[in-house]
Amino acid sequence: MLLSGFWTHPLVESAGYFSVTVLCLVVAMVLFELVTKYKNWEEIQNGNLAVAMATGGKIFGVANIFRHSIQQHSTLPEMLLWGLFGFFLLIMAYWLFEFLTPKFKIDEEIGNDNRAVGFISFIISVGLSFVIGASIT
């Protein structure tokens, strides 16, 4: 009886949501590292602002999607499933962005520190995270 009350305490629930979200964010960053042609953290370390903006947008986007998922769902498993679905949609949006710009390759431009492309990538990730977050009910 006492143990069941522990798991529903607001501090424990918050720690659970936070922990799961951080773990999902780490997994998301690993997946984004795999789908991009450049090495995010090496490029950031070397001062590539375009990669920093694109990566920052992805981090913001994933965190925002999970924020919406936490607000919309009352259990940790529901939040996790909807958050992961939202993350999947964000990856699809990234590939769609690459597909819809046939004149140049997004990854190459960002890897070459094209800050305009990095900024647009940032805005797409952030903007679509709000749309995705609003849609995961």
Side-chain angles (χ1 to χ4, degrees):
M1 209 59 154
L2 182 61
L3 191 57
S4 67
F6 173 80
W7 293 112
T8 58
H9 191 279
L11 291 175
V12 175
E13 285 184 335
S14 291
Y17 284 122
F18 173 78
S19 300
V20 168
T21 299
V22 168
L23 178 62
C24 288
L25 186 56
V26 168
V27 170
M29 290 300 97
V30 169
L31 290 174
F32 277 124
E33 185 83 21
L34 293 173
V35 300
T36 56
K37 293 183 173 111
Y38 49 84
K39 299 293 182 198
N40 293 304
W41 303 110
E42 286 178 22
E43 291 292 332
I44 290 169
Q45 184 179 18
N46 293 331
N48 187 324
L49 187 58
V51 171
M53 286 188 286
T55 303
K58 292 168 190 167
I59 291 169
F60 185 103
V62 171
N64 190 41
I65 287 168
F66 276 94
R67 177 188 74 88
H68 281 280
S69 189
I70 290 168
Q71 287 179 323
Q72 297 285 341
H73 302 98
S74 59
T75 67
L76 190 63
E78 266 186 342
M79 179 281 291
L80 179 60
L81 287 174
W82 281 102
L84 291 173
F85 177 68
F87 169 66
F88 171 77
L89 292 177
L90 195 62
I91 287 180
M92 292 298 105
Y94 182 80
W95 282 333
L96 186 61
F97 177 40
E98 182 79 51
F99 177 74
L100 292 176
T101 53
K103 284 191 165 195
F104 57 89
K105 302 235 181 261
I106 300 299
D107 275 356
E108 287 178 17
E109 294 297 322
I110 291 173
N112 291 330
D113 201 16
N114 183 329
R115 296 172 185 181
V117 176
F119 181 70
I120 290 298
S121 178
F122 173 86
I123 295 299
I124 287 172
S125 293
V126 170
L128 288 179
S129 77
F130 282 97
V131 173
I132 292 167
S135 70
I136 54 174
T137 57

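Nothing here was measured: the structure is a model prediction, and the numbers come from that model. Because only heavy atoms are used, hydrogens play no part in the values below, and waters and symmetry mates are left out as well, while side chains stay in.
Taking the six-membered ring where the residue is Trp, Phe122 and Phe60 present tilted rings, their angle falling between 30° and 60°.
Cluster membership check: Leu23 does not share its hydrophobic cluster with Met29, using side-chain heavy-atom separations under 4.5 Å among Ile, Leu, Val, Met, Phe, Trp and Tyr. When hydrophobic clusters are built by joining Ile, Leu, Val, Met, Phe, Trp and Tyr residues whose side-chain heavy atoms come closer than 4.5 Å, directly or via intermediates, Leu84 is grouped together with Tyr94.
Considering only heavy atoms from C-beta on, Phe66 comes within 4.5 Å of Cys24 through its side chain. The shortest side-chain heavy-atom distance between Met79 and Thr21 falls under the 4.5 Å cut-off. Contact annotation: the side chain of Thr55 never approaches that of Phe32 to less than 4.5 Å [non-hydrogen atoms, C-beta and beyond]. Under the 4.5 Å side-chain criterion, counting only non-hydrogen atoms from C-beta, Leu90 is not in contact with Phe88. Taking 4.5 Å as the limit, some side-chain heavy atom of Arg67 sits within range of a side-chain heavy atom of Asn64. The shortest distance between side-chain heavy atoms of Trp41 and Val51 does not fall below 4.5 Å. Side chains of Lys58 and Thr36 form a contact here, defined as non-hydrogen atoms less than 4.5 Å apart. A heavy-atom distance below 4.5 Å is not found between the side chains of Leu76 and Leu80.
Other residues, nucleotides and ligands contribute at most 12 non-hydrogen atoms within 6.0 Å of the CZ atom of Phe119. Atom CD of Glu33 is surrounded by more than 12 heavy atoms from other residues, nucleotides or ligands within 6.0 Å.
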Report the C-alpha distance between Leu81 and Phe85 in whole Å, list the side-chain angles of each, state the deciding distance to 0.1 Å, and finish with yes or no for side chain to side chain contact (heavy atoms under 4.5 Å, CB included). CA-CA 6 Å; Leu81 287 174; Phe85 177 68; over 6 Å; no
Residues Phe104, Asn114; criterion side chain to side chain contact (heavy atoms under 4.5 Å, CB included); working and verdict: CA-CA 11 Å; Phe104 57 89; Asn114 183 329; 5.9 Å; no
I'd like to know whether Glu13 forms a side chain to side chain contact (heavy atoms under 4.5 Å, CB included) with Leu11, so could you lay out the CA-CA distance, the side-chain angles of the two residues, the decisive distance to 0.1 Å, and finally the verdict.
CA-CA 5 Å; Glu13 285 184 335; Leu11 291 175; over 6 Å; no
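Thr75 approaches Tyr17 most closely through the heavy-atom pair C-OH, 3.6 Å. Closest of all the heavy-atom pairs between Glu98 and Asp107 is OE1-N, 3.4 Å. Nearest heavy-atom pair across Lys37 and Lys105 is NZ-CD, 4.5 Å.
Here the side chain of Ser69 pairs no donor or acceptor atom with the backbone of Ile65 at under 3.5 angstrom. Of the possible donor and acceptor atoms, none in the side chain of Ser121 sits under 3.5 Å from a partner among the backbone N and O of Val117.
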